[in-house]
Amino acid sequence: AILNIAGNSIGKDGSLYIADALKVNTTLLRLNMSDNSIGDVGAGYIASSLRVNRGLINLNLATNGIADDGGNRLANSLEINKSLVVMRLSGNDIYDQTREDIKNDLNENHFRKGRIYNSTLESNEGTSWNMSKVMFVGTTRSGKTATVRSLLGLPFTHDANSTTLVSYAESSYNRHYWIKISSSALRNHAAFFAARLMLKRNSQLQRKIPDTSLNSRSGILSIIDQQAELFLRSQLRETIQYPGGVSSNFNGNLSRENNLLDSNRSPLAVSNETFDENMLLDAHLEAKSCTFALWDCAVDFFSMQHIFLTKGGIYLIMFDLREMMKPDTKGNPLSYLSFWLRSLESLSPTASVVLVGTFANSIMESDNLKFIDKVIQGMLKTTGATVERNNIDQLRFFPVDNKNSSGIRRLRQKIEEISTRDLSLQYRVPMKWIRLLDTIVGYSDLAYLKILEVKELARHVGITSAHELEEALELFNTRGILFYLTSTEALKSIVVLQPQWLVDSLFLILRKESSYRFKSKELKRLGLEDDLMYTYKNAVASRDFLDYVWEEKAQFFIDLIMSTIMLFSECNFGEGKFYLIPSLLQNTDTDSRNQQKKGVRCIFDFSLSFLAPGIFQRLLCLLIAHKFSGGYLSQESEISTVAPWLFFNFGTIELEPGGTIHLSENTTSQTLTVLIEDPKFAPKCLAIVRSKLERINQDVMHQGLRWDVLLETSENSNTFMKLANPQTCKKLHRSWHATKKYRNFVDIENFVDHSTL
């Protein structure tokens with residue numbers, strides 16, 4: 001904290017009040033008492049307090065009429081005080097020798113603090129880390145990026161580009177003022193950590209020192225506490241322009257220039273900061289604030305946002321208030337809100353969720369807000385989810401308008417309030433973990449680090465256990481500093497420092513628009529020209545082509561897309577390894593194709609919830625994987641005779657000889673239809689499709705999906721019956737009931753419990 005009372009002519013009596021307060025205050029770091037005419041007597045009072053105080057590091061007593069007697073008292077106090085490193089005495093009539101003695105004592109204090117700081121850096125002490133992840137999710141054009149800018153106090157721009165990036169902001173709880181930290185400041189976690197530990201020890205030490213001469217003066221402590229925050233904004237670190245981030249322009253080369261372990265780059269260069277008094281000031285500010293990693297996640301493409309979700313943090317679900325006034329339209333965001341609330345409830349039941357309605361100025365009337373609140377209340381009762389309340393407006397959401405920053409201050413306050421309640425932020429983090437973080441972030445000009453490189457960096461800071469390293473990386477991932485997954489060995493092999501690079505790399509394959517980025521001459525020279533054409537024409541990529549695109553990281557991305565995103569499927573379409581990429585498939589007219597088929601049908605109806613983008617394509621992937629893995633082949637069947645026929649919204653797949661199904665997606669009715677050609681395979685095929693949907697719901701959508709199951713009462717009857725209870729099952733066509741041969745595959749009565757709302 002900082003207190004400036006310069007030029008107030010407090011005299012010797014006023015200095016006595018200040019001195020008494022200093023004997024018990026543990027938070028004041030810088031005090032400016034210049035030009036106050038305190039004289040030798042006042043200097044004596046201050047000198048007496050310095051014998052007790054262990055927190056003050058900078059004291060300005062310039063132009064105070066202090067002579068030799070006061071100077072000697074101050075010099076003598078420094079024989080005991082080992083915390084003060086700066087004392088300004090210009091404009092006072094003090095002997096040169098006394099000034100020199102004071103200077104020498106202050107220098108010794110500075111060197112001593114430097115030694116303590118360095119030993120703290122090397123220690124295994126720990127303390128809490130006020131770092132929290134705030135993730136913004138929402139439909140396209142719902143105002144995510146504009147809201148991040150508003151929270152950071154940046155002006156509204158109509159042409160702000162939505163992108164996946166991580167930006168950092170620091171907020172003081174007392175002033176609700178956020179600012180984006182510069183890239184250089186991001187490397188100083190260990191410096192602030194060590195300084196905080198030093199302040200904590202000084203405070204504990206001072207509380208143990210008795211002072212029988214204390215004569216506290218009313219009001220001085222409160223004055224210091226109130227004035228301590230006056231200079232917070234000026235002390236915040238350098239800002240840079242938002243949104244920043246990593247350029248998404250692909251240059252045709254995803255490789256790094258050199259191996260980090262082979263370079264001459266010092267692994268600890270970014271952690272060994274030289275001590276200075278400002279570190280303690282910054283550490284004091286940090287102790288009263290929280291640093292937020294703001295994730296503006298604009299990856300609506302095939303519901304890929306889930307890969308960035310973590311078990312901790314704060315989630316802001318953004319929606320357009322104008323759409324909420326049109327409940328009968330297909331753009332109604334309620335289904336989207338319900339989907340996200342269920343997903344987060346499954347992933348992290350203790351996570352804090354804030355609903356944020358944008359474009360508030362377009363529906364100014366309070367009755368409109370109350371109407372929307374009532375609609376949201378009904379949705380919350382249905383989902384059983386809990387959200388943070390807007391107590392000021394008595395709403396279950398926070399209305400904001402980014403054009404004039406309306407409602408932004410209340411939203412800031414709510415985010416800060418949540419962070420103060422987050423017990424996970426009180427988790428003791430070892431100093432060596434923070435030193436490792438500084439070292440890793442020091443390489444943020446690289447898109448990623450290999451895990452072997454990270455292990456070497458960890459060894460330099462004293463982390464030798466693989467388990468401890470993984471625990472540290474998972475914490476950094478949860479707090480939003482980096483991206484790290486552990487579900488497969490390939491995923492564990494890379495630590496991603498730039499999430500935009502990760503998304504850009506994925507989109508090189510998952511989006512048709514990426515085909516133009518590759519150099520045809522180079523592909524022709526490598527014999528991969530046909531592979532490129534085959535990939536984007538037939539939605540099937542060869543392993544050779546993927547190795548070319550992703551180089552040594554190919555297995556990492558294949559595992560990420562297959563096991564986590566589920567938009568890849570290994571398939572046997574020829575010699576060598578090939579992968580189906582359903583996002584590259586073409587659309588077709590599903591109505592005409594379904595009319596041509598005969599069989600019994602099952603409908604998975606998502607109309608009362610939300611059929612998220614990419615569910616159908618993921619289902620195709622899992623069914624193709626099932627087909628080529630031979631998971632459910634009949635014992636008497638050896639070969640499959642029907643090749644898959646796949647489109648973006650339609651697919652024909654023979655799960656086993658004779659067991660052919662036709663799947664289609666209808667985004668208007670929010671349904672998936674499964675037509676089974678041979679009714680005798682109906683129970684078995686239904687069980688297979690159901691199991692794949694449940695896997696998608698569990699592993700990708702975090703149980704956010706809900707659906708009803710409707711079964712056709714008889715072949716091609718176009719009459720459906722909803723599975724609601726066992727009595728319903730008895731009325732169904734016999735094709736849906738398991739025969740003795742297939743009884744191991746499905747029990748239609750048990751099937752009810754897992755599928756309906």
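All residue numbers in this chain count up from 1 along the given sequence.
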**Student:** When you measure from the side chain of Trp340 to the backbone N and O of Ile317, does any donor-acceptor pair fall under 3.5 Å?
**Tutor:**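 Side chain of Trp340 to backbone of Ile317: no pair is present.
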
**Student:** Taking only Lys NZ, Arg NE, NH1 and NH2, and the carboxylate oxygens of Asp or Glu, determine whether Glu529 and Lys524 approach each other closer than 4.0 Å.
**Tutor:**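 A salt bridge is absent here (no side-chain N lies under 4.0 Å from a carboxylate O).
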
**Student:** Can you measure from CG (Leu532) to NZ (Lys537) and round to the nearest 0.5 angstrom?
**Tutor:**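 So the CG of Leu532 and the NZ of Lys537 are separated by 12.5 Å.
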
**Student:** Between Lys627 and Glu654, is there a donor-acceptor pair closer than 3.5 Å when you use the side chain of the first and the backbone of the second?
**Tutor:**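 Yes, Lys627 side chain to Glu654 backbone: donor-acceptor pair under 3.5 Å.
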
**Student:** Taking atom CG of Asp531 and atom OH of Tyr548, what is their separation to the nearest 0.5 Å?
**Tutor:**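 With rounding to 0.5 Å, CG (Asp531) is 11.5 Å from OH (Tyr548).
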
**Student:** Holding to side-chain hydrogen bond (donor to acceptor under 3.5 Å, both in side chains), I want the full list of residues that pass it with Ser607, two or more places apart in sequence or in another chain.
**Tutor:**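 With neighbours one apart ignored, the set is Asp605.
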
**Student:** Can you pull out every salt bridge (charged side-chain N to carboxylate O under 4.0 Å, His left out) where at least one residue sits in residues 482-502? Sequence neighbours excluded, please.
**Tutor:**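 Non-adjacent pairs meeting salt bridge (charged side-chain N to carboxylate O under 4.0 Å, His left out): Glu470-Lys492, Glu489-Lys492.
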
**Student:** So, does Ser569 use its side chain to make a donor-acceptor pair with the main chain of Ala625 at under 3.5 Å?
**Tutor:**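 Answer holds: yes.
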
**Student:** Could you tell me which residues satisfy salt bridge (charged side-chain N to carboxylate O under 4.0 Å, His left out) with Asp678, sequence neighbours excluded, listed by chain and number?
**Tutor:**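 Expected list: none.
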
**Student:** Output the distance between atom CG (Leu580) and atom CE (Met562), rounded to the nearest 0.5 Å.
**Tutor:**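 Between atom CG of Leu580 and atom CE of Met562 there are 10.5 Å.
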
**Student:** side-chain contact (heavy atoms from CB on, under 4.5 Å) for Leu620 and Ile653? Distances and angles first, verdict last.
**Tutor:** CA-CA 9 Å; Leu620 287 181; Ile653 304 173; 4.2 Å; yes

**Student:** Using a strict threshold of under 4.0 Å (side-chain N to carboxylate O), is an ion pair present between Asp296 and Lys144?
**Tutor:**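 Between Asp296 and Lys144 there is no salt bridge, as every charged N stays at least 4.0 Å from the carboxylate O atoms.
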
**Student:** Going by the rule side-chain hydrogen bond (donor to acceptor under 3.5 Å, both in side chains), which residues pair with Thr652 if we only count those two or more places apart in sequence or in a different chain?
**Tutor:**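 Scan of Thr652 (side-chain hydrogen bond (donor to acceptor under 3.5 Å, both in side chains), adjacent residues dropped) gives His662.
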
**Student:** Going through the checks in order, is the side-chain contact (heavy atoms from CB on, under 4.5 Å) test met by Thr588 and Phe648?
**Tutor:** CA-CA 7 Å; Thr588 189; Phe648 188 79; over 6 Å; no

**Student:** Which of these, Phe308, Trp295, Tyr448, sits in a ring pair (Phe, Tyr, Trp, His ring centres under 6.0 Å) with Phe483?
**Tutor:**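 Only one of Phe308, Trp295, Tyr448 forms a ring pair (Phe, Tyr, Trp, His ring centres under 6.0 Å) with Phe483, namely Phe308.
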
**Student:** Not counting sequence neighbours, which residues clear side-chain hydrogen bond (donor to acceptor under 3.5 Å, both in side chains) with Thr660? List them please.
**Tutor:**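 side-chain hydrogen bond (donor to acceptor under 3.5 Å, both in side chains) check on Thr660 returns nothing, list empty.
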
**Student:** So if I apply the side-chain contact (heavy atoms from CB on, under 4.5 Å) rule between Cys602 and each of Thr673, Leu711, Val689, which one comes out positive?
**Tutor:**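 For Cys602, the side-chain contact (heavy atoms from CB on, under 4.5 Å) test succeeds with only one of Thr673, Leu711, Val689, which is Leu711.
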
**Student:** Name all residues meeting the salt bridge (charged side-chain N to carboxylate O under 4.0 Å, His left out) criterion together with Asp544; count only those two or more places apart in sequence or in a different chain, and write none if there are none.
**Tutor:**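 None.
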
**Student:** With a 4.5 Å cut-off on side-chain heavy atoms, are Val495 and Leu497 touching?
**Tutor:**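 Yes - at least one pair of side-chain heavy atoms lies under 4.5 Å apart.
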
**Student:** Who passes side-chain hydrogen bond (donor to acceptor under 3.5 Å, both in side chains) against Ser142, sequence neighbours left out?
**Tutor:**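 With sequence neighbours excluded, Ser142 shows a side-chain hydrogen bond (donor to acceptor under 3.5 Å, both in side chains) to no residue whatsoever.
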
**Student:** For residues Leu316 and Val134, report the shortest heavy-atom separation together with the two atoms involved.
**Tutor:**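 Result for this residue pair: CD1-CG1, 3.8 Å.
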
**Student:** Is the side chain of Ser583 donor-acceptor paired with the backbone N or O of Arg511 at a distance under 3.5 Å, no angle test?
**Tutor:**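 No; zero donor-acceptor contacts below 3.5 Å.
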
**Student:** So, for Asn402 and Phe156, which heavy atoms are closest and what is the spacing to 0.1 Å?
**Tutor:**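 Scanning both residues completely, I find the closest heavy atoms to be O-CB, 3.4 Å.
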
**Student:** Would you sort out whether Val674 and Arg601 count as a side-chain contact (heavy atoms from CB on, under 4.5 Å), showing the intermediate values?
**Tutor:** CA-CA 6 Å; Val674 182; Arg601 286 174 292 175; over 6 Å; no

**Student:** Among residues at least two apart in sequence or on other chains, which ones pass ring-ring contact (aromatic ring centres under 6.0 Å, His included) with Phe545?
**Tutor:**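 Here the qualifying residues are Phe518.
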
**Student:** Where the side chain of Gln498 meets the backbone of Ser444, is there a donor-acceptor pair that is under 3.5 Å apart?
**Tutor:**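 It does hold such a pair.
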
**Student:** Indicate yes or no for a side-chain donor-acceptor contact from Lys512 to the backbone of Leu584 under 3.5 Å, with no hydrogens or angles considered.
**Tutor:**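 Looks like yes, one N/O pair under 3.5 Å.
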
**Student:** Take Phe397 and Leu321, measure what side-chain contact (heavy atoms from CB on, under 4.5 Å) needs, and give me the verdict at the end.
**Tutor:** CA-CA 10 Å; Phe397 66 96; Leu321 287 169; 3.7 Å; yes

**Student:** What is the ring orientation for Trp645 with Phe647, classed by angle as parallel under 30°, tilted 30 to 60°, or perpendicular over 60°?
**Tutor:**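 Perpendicular: the ring planes of Trp645 and Phe647 meet at over 60°.
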
**Student:** Run the ring-ring contact (aromatic ring centres under 6.0 Å, His included) test against Phe556 and tell me which residues pass, sequence neighbours left out.
**Tutor:**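 ring-ring contact (aromatic ring centres under 6.0 Å, His included) list for Phe556, sorted by chain: empty.
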
**Student:** The criterion is salt bridge (charged side-chain N to carboxylate O under 4.0 Å, His left out); which residues satisfy it with Asp320, sequence neighbours excluded?
**Tutor:**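 Partners of Asp320 under the salt bridge (charged side-chain N to carboxylate O under 4.0 Å, His left out) test: Arg322.
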
**Student:** Name the one of Arg706, Arg342, Gln703 that satisfies side-chain hydrogen bond (donor to acceptor under 3.5 Å, both in side chains) with Asn697?
**Tutor:**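 One option only clears the test, and that one is Gln703.
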
**Student:** Would you mind reporting whether Glu665 and Gln617 have side-chain heavy atoms less than 4.5 Å apart?
**Tutor:**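 Yes, close enough: below the 4.5 Å cut-off.
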
**Student:** Within the distance-only criterion (no hydrogens, no angle test), does the side chain of Ser343 pair as donor or acceptor with the backbone N or O of Phe339 below 3.5 angstrom?
**Tutor:**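 A pair under 3.5 Å: yes.
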
**Student:** Taking all atoms of both residues into account, what is the closest heavy-atom pair of Cys685 and Gly659, and its distance?
**Tutor:**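 Here Cys685 and Gly659 meet closest at SG-O, 4.3 Å.
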
**Student:** We want to know whether Thr671 and Asn666 form a side-chain donor-acceptor pair, criterion being a heavy-atom distance below 3.5 angstrom.
**Tutor:**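 Checked: Thr671/Asn666 side chains show no N/O donor-acceptor pair below 3.5 Å.
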
**Student:** Between Cys571 and Val540, which heavy-atom pair has the shortest distance, and what is it?
**Tutor:**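 Smallest interatomic distance, heavy atoms only, reads SG-CG1, 4.4 Å.
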
**Student:** Using only atom types and a distance under 3.5 Å, with no angle test, would you say the side chain of Gln670 pairs donor to acceptor with the backbone of Leu611?
**Tutor:**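 Yes; judged by distance alone, with no hydrogens or angles, the pair exists.
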
**Student:** Just to verify, which of Phe557, Phe628, Phe568 counts as forming a ring pair (Phe, Tyr, Trp, His ring centres under 6.0 Å) with Tyr579?
**Tutor:**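 Of all the options given, the one that passes is Phe568.
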
**Student:** Can you see which heavy atom on Phe681 is nearest to which on Pro657, and at what distance?
**Tutor:**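 Scanning both residues completely, I find the closest heavy atoms to be CZ-O, 3.8 Å.
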
**Student:** Report yes if the side chains of Ser563 and Leu491 come closer than 4.5 Å at any heavy-atom pair, otherwise no.
**Tutor:**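 Sidechains of Leu491 and Ser563: in contact.
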
**Student:** Please name all residues satisfying ring-ring contact (aromatic ring centres under 6.0 Å, His included) with Tyr484, sequence neighbours left out, ordered by chain then number.
**Tutor:**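 Once residues adjacent in sequence are excluded, Tyr484 has no partner under the ring-ring contact (aromatic ring centres under 6.0 Å, His included) criterion.
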
**Student:** Which heavy atom of Val700 sits nearest a heavy atom of Thr564, and at what distance?
**Tutor:**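 Taking every non-hydrogen atom into account, CG2-O, 3.8 Å.
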
**Student:** If I take atom CD1 from residue Ile494 and atom NZ from residue Lys450, how far apart are they, to the nearest 0.5 angstrom?
**Tutor:**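 Between atom CD1 of Ile494 and atom NZ of Lys450 there are 8.5 Å.
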
**Student:** Once ring-ring contact (aromatic ring centres under 6.0 Å, His included) is applied, do any residues pair with Phe606, and if so which ones, sequence neighbours excluded?
**Tutor:**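 Result, ring-ring contact (aromatic ring centres under 6.0 Å, His included) vs Phe606: Trp707.
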
**Student:** Tell me whether Ser691 contacts the main-chain N or O of Ile688 through its side chain, where contact means a donor paired with an acceptor under 3.5 Å.
**Tutor:**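 Yes.
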
**Student:** Please check this pair: side chain of Arg618 against backbone of Ile565, looking for a donor-acceptor N/O pair closer than 3.5 Å.
**Tutor:**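 Yes, the answer is positive, given that a donor and an acceptor are paired below the 3.5 Å cut-off.
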
**Student:** Please examine the side chains of Leu622 and Arg695, heavy atoms only from C-beta on, and report whether any two atoms are closer than 4.5 Å.
**Tutor:**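 Heavy-atom side-chain distance check passes, below 4.5 Å.
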
**Student:** Nearest 0.5 angstrom please: Ile624 CD1 to Cys621 SG, how far?
**Tutor:**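 One gets 8.5 Å once the value is rounded to the nearest 0.5 Å.
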
**Student:** What distance do Leu675 atom CG and Leu663 atom CG have between them, rounded to the nearest 0.5 Å?
**Tutor:**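 Leu675 CG to Leu663 CG: 9.5 Å, rounded to 0.5 Å.
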
